[in-house]
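Just below is one structure, and these are the notes that go with it.
Values below: every heavy atom of this structure, side chains too, minus hydrogens, waters and symmetry copies. FYI, the numbering just counts along the sequence from 1.
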Amino acid sequence: MPLRFPHRLPAWQCLLAGGLTTVLALHLLGVGAAWLIPQAAGTAILWRAARRHRCGWWLIAAAGTAGLLTSAWWTVRAATGAPPPHDTPMGLSLALQYALHAAGAVQLTRRKRPGSAAESGAVVLCLAMVAWAFIVLPYLGEPGYQPVDNALAILDGVLDLAILASLVLTARRRPLLAAGGAVLVAAHLVYAAAGGQGTLPFLPGGGPHLVMQLWWVLTAAAALHPAAVQPAAAGERPGRAGLIGMYVAVVAAPLLPAVASPRAVVVVPAVLTAGLCGLLMLRVGLSSRLAERRARQIGAALHEQRVLQQRLAYRAGHDALTGLANRDLLLDHLGRAAAGDRPYTLILCGLDGFKEVNDSYGHSVGDTVLRQAAGRLLLFAPEVDLVARLGGDEFGLLVTGPADTGELAGRVMAAIASAPFAVGERWIPLTARAGIADGVPGNDAVLGDADLALRAAKQAGGARLARFGETLRAEQGERARIAAGLRQALVDDGLFMHYQPVVDTATGQIQGVEALMRWRRGDEIVPPGVFIPVAEQTGLIGALGTRALRLACARAAGWHREHGLYLTVNVSTHQLRDPGFADGVREILAETGLPPTALVLEITESVLIDAADTAVLATLRADGVRIAIDDFGTGYSSLAYLHTLPVDILKIDQSFIRRHEDPPKPQDVSLTRAILELARSRELVAVAEGVETQVQADLLRRLRCPLVQGYHFGRPCAAEAIDALLAEAARVPAV
């Protein structure tokens, strides 16, 4: 059975083993010229490896070439009988190899954070060597001092120290390269210890040459090692052992001349230089630690700044209350979806009755409900591209690509209504409405379309789903045309007033009139039920209300002076929420001459409750203006609110009056009687609306309803028709 090795040795291990064996064999054989063979082989390996690695390996390959040329030059001089190299300036012919090796090692260990203690130690040693050679020794008057020779010695020492510095830098990550630098220094020390003769008693046959051959072997093996392609880690610093070794080298290096020549003239400056180097190195170390501490502080500050920027960026695109994406982020995603090539759909979801939650329990409870609703919507995050809160109680879900969005919207509504929202001890049931709009690439109006669909769902009733289509588009176009026509009507006086008389059941006389705005668009009279909602949606209701109040007060001023009539004008919630509404009413009354006591502001129950927290009504009532509840009995808990709301007149809704047929049903009569008794008990004036038959009029007279209005007593008509009715009533004596 053939012998098999469990593993194949890596190339760098093979080179290391073979190279060391070859060098040792050549040393034992004592073949002089053969030293060039391993040097040439090692240099070739370095150049080949340099093509695959960083710039530092090119420098080390150049160092190998310089060493090879130096060895060849030495061999030629020895063969021709030339004097030894140390007797000439060429004795420093290895300086280029030293310098290139040190530069390559530093290049390989270069980090993003400059100014490490190792480089600083090298600089300190260089300065110390220069000071020792050119200041201390001349000052002491050392015999035989030669500046040129000393300068060359200094250069040689500086290069040794550079090698030592690079050795410390590379020992941790590239030990083979550090070992190569160590043998260079060792070769120089061996050569110096041998007195420049190149031999030692314990290394016969050219000890320094043997040590230098090891450089090629170790460095070539380092070039083939896997660590050769690994860059130095950013921010890496020598370990504790490396720092101790570097400090010892810095202090011990100046003492080497004292060991070689223990004369006082050498020992004293050597010891002083060593102490100085130690103090400077300590100072450099402390400065380095301080710099590192400040660098860490700056790094921590930069990290905190990045975190803050990330938070600000997150808040810019997300809702602070729910954590969902906000309107801006949704618009950004809609823009990208419109610019893409796939269809997409936007689902808008609103909470039915959420406004009443805020009004009844406060905004803190409402915020909790919104957060819980957001949590339920997030359950659909895996199925959609984005879940966002647009504001108030409206949420949006963006779906990109084909999907059954109608079924998805139904599940969203079911999730909202699946269970009451628990806030403390309260359980708040809510339903949801949804509007869907489909978008195609290039359509950037999806948000407006979805909002129209949501509005249509709200108008259709709670818990409804509506999809934007051609019908809604047509309605939107009609609303836009109505809004444009209203703006034009405010300019060219296309708005006018009709008046419906309010009659006293006991005397049959007209006691007041209700002002109703009309709009003539071309040859068509647009009903108020068509343009009033559009005016409220577009914000034109304030201007229309002011115009109606001014026209009606101007006409009713004469009726009040001559016949004592009062005027009723309808007011919307938008007007009551206007802080300047009370001052506007006062100004119009003063301008038209109508007394405040002759004006009645007619407000529906829902509007009155919504504006109950404002000071507008209290201010106007203090001036004498009366407040009437319109459509009484169809809104909220009317009986409870009558205790707190500023009310003077109850207008019974026509749905109660229309029940009275011929003959009237007892249960309908009892209900109307109860409302009238309630008004009398609260000292309120009752007005029955929608009286259309004589049976209804007679019944209300028997029930002692003070005032009535309806088609039976007169339809809404122009002011001239009211003048005619008043003139006729003046000619007919009262019954």
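With values rounded to the nearest 0.5 angstrom, Leu684 atom CG is found 8.0 Å from Ile629 atom CD1. Atom CG of Leu330 is separated from atom CG of Leu447 by 6.5 Å, given to the nearest 0.5 angstrom. With values rounded to the nearest 0.5 angstrom, Ile652 atom CD1 is found 5.0 Å from Ile675 atom CD1. A distance of 9.5 Å separates CG of Leu346 from CG of Asp449, quoted to the nearest 0.5 Å. For the atom pair CG of Leu650 and CD of Glu689, the computed distance is 11.0 Å after rounding to the nearest 0.5 Å. Distance check, rounded to the nearest 0.5 Å: CD of Gln372 to CG of Leu430 gives 10.0 Å.
In this structure a side-chain-to-backbone donor-acceptor pair under 3.5 Å is missing from Arg518 to His498. No side-chain donor-acceptor contact under 3.5 Å links Asp328 to the backbone of Gly317. Under the 3.5 Å distance criterion, the side-chain polar atoms of Arg327 are left unmatched by any main-chain donor or acceptor of Gly391.
Looking at every heavy atom in both residues, Leu540 comes nearest to Ala483 through CD1-O, 3.8 Å. Minimum interatomic distance between Phe531 and Val526 (heavy atoms only, all atoms of both residues): CE2-O, 3.4 Å. Taking each heavy atom of Thr592 and Cys553 in turn, the nearest pair found is OG1-CB, 3.5 Å. Nearest heavy-atom pair, Ala432 versus Met413, reported as atom, atom and distance to 0.1 Å: O-CE, 3.2 Å. Shown here for Ala373 and Phe421, the closest heavy-atom pair between the two residues is N-CE2, 3.7 Å. For the pair Ala489 and Leu495, the tightest heavy-atom approach, listed with the atom from each and the gap, is CB-CG, 4.0 Å.
Using a 4.5 Å cut-off on side-chain heavy atoms (C-beta onward), Leu549 and Leu599 make contact. Counting only heavy atoms from C-beta outward, the side chains of Glu478 and Glu475 never approach each other to under 4.5 Å. At a threshold of 4.5 Å between non-hydrogen side-chain atoms, the residues Phe468 and Leu348 do not count as touching. Side-chain contact between Leu452 and Arg479: present, with at least one pair of heavy atoms (C-beta onward) separated by less than 4.5 Å. Counting only heavy atoms from C-beta outward, the side chains of Asp648 and Arg621 approach each other to under 4.5 Å. Looking at heavy atoms from C-beta onward, Cys349 lies out of side-chain contact with Arg433 at the 4.5 angstrom threshold. Contact of the Glu602 side chain with the Glu514 side chain is registered, since non-hydrogen atoms from C-beta on lie closer than 4.5 Å. Side chains of Leu516 and Asn570 form a contact here, defined as non-hydrogen atoms less than 4.5 Å apart.
Contacts of His574 classified as side chain to side chain contact (heavy atoms under 4.5 Å, CB included), with partners at least two apart in sequence or in another chain: Glu536, Ile541, Ser572. Asp367 meets the salt bridge (Lys or Arg N to Asp or Glu O under 4.0 Å) test with no other residue; sequence neighbours excluded. Not counting sequence neighbours, the partners of Ala688 by the side chain to side chain contact (heavy atoms under 4.5 Å, CB included) test are Ile657, Val691, Leu700, Cys705, Val708. Among residues two or more places apart in sequence or in another chain, the ring pair (Phe, Tyr, Trp, His ring centres under 6.0 Å) test is passed with His333 by none. Every residue meeting the side chain to side chain contact (heavy atoms under 4.5 Å, CB included) condition with Leu308, not counting sequence neighbours, appears here in chain and number order: Leu312. Scanning for side chain to side chain contact (heavy atoms under 4.5 Å, CB included) contacts around Ala484 gives an empty result, with sequence neighbours left out.
Sorted by first then second residue, the side chain to side chain donor-acceptor pair (under 3.5 Å) pairs that include residues 385-414, not counting sequence neighbours, are Asp319-Arg389, Glu383-Arg411, Asp385-Thr400, Thr405-Arg467, Glu407-Arg411. Judged as a side chain to side chain donor-acceptor pair (under 3.5 Å), not a single pair has a partner in residues 416-430 (not counting sequence neighbours). Residue pairs meeting the salt bridge (charged side-chain N to carboxylate O under 4.0 Å, His left out) criterion with at least one partner in residues 452-466, sequence neighbours excluded, are Asp451-Arg455. Residue pairs meeting the ring-ring contact (aromatic ring centres under 6.0 Å, His included) criterion with at least one partner in residues 296-315, sequence neighbours excluded, are Tyr314-His318. Among pairs with a residue in residues 347-380, none fulfils ring-ring contact (aromatic ring centres under 6.0 Å, His included), at least two apart in sequence or across chains.
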For residues 580-590, tabulate all N or O donor-acceptor pairs below 3.5 Å that involve a side-chain atom, not counting sequence neighbours.
residue: Arg586; atom: NE; partner: Asp623; partner atom: OD2; Å: 2.7
residue: Arg586; atom: NH2; partner: Asp623; partner atom: OD2; Å: 3.3

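In this structure, Arg626 forms a cation-pi arrangement with Tyr566, its terminal cationic atom sitting closer than 6.0 Å to the ring centre and no more than 45° off the ring axis.
Checking Leu408, Val412, Leu378 one by one against Val384, the side chain to side chain contact (heavy atoms under 4.5 Å, CB included) holds for a single residue, Leu408.
By the 6.0 Å contact criterion, CG on Asp341 is open, its count of non-hydrogen atoms from other residues, nucleotides or ligands being 12 or less. Around CZ of Arg336, the count of heavy atoms belonging to other residues, nucleotides or ligands within 6.0 Å exceeds 12. Annotation for Glu304: atom CD does not count as buried by contact number, only 12 or fewer foreign heavy atoms lying within 6.0 Å.
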Step-by-step side chain to side chain contact (heavy atoms under 4.5 Å, CB included) determination, Met517 to Arg547
CA-CA 9 Å; Met517 176 165 277; Arg547 175 67 60 84; 4.1 Å; yes
Show your working on side chain to side chain contact (heavy atoms under 4.5 Å, CB included) between Leu351 and Val357 and close with a plain yes or no.
CA-CA 10 Å; Leu351 304 181; Val357 173; over 6 Å; no
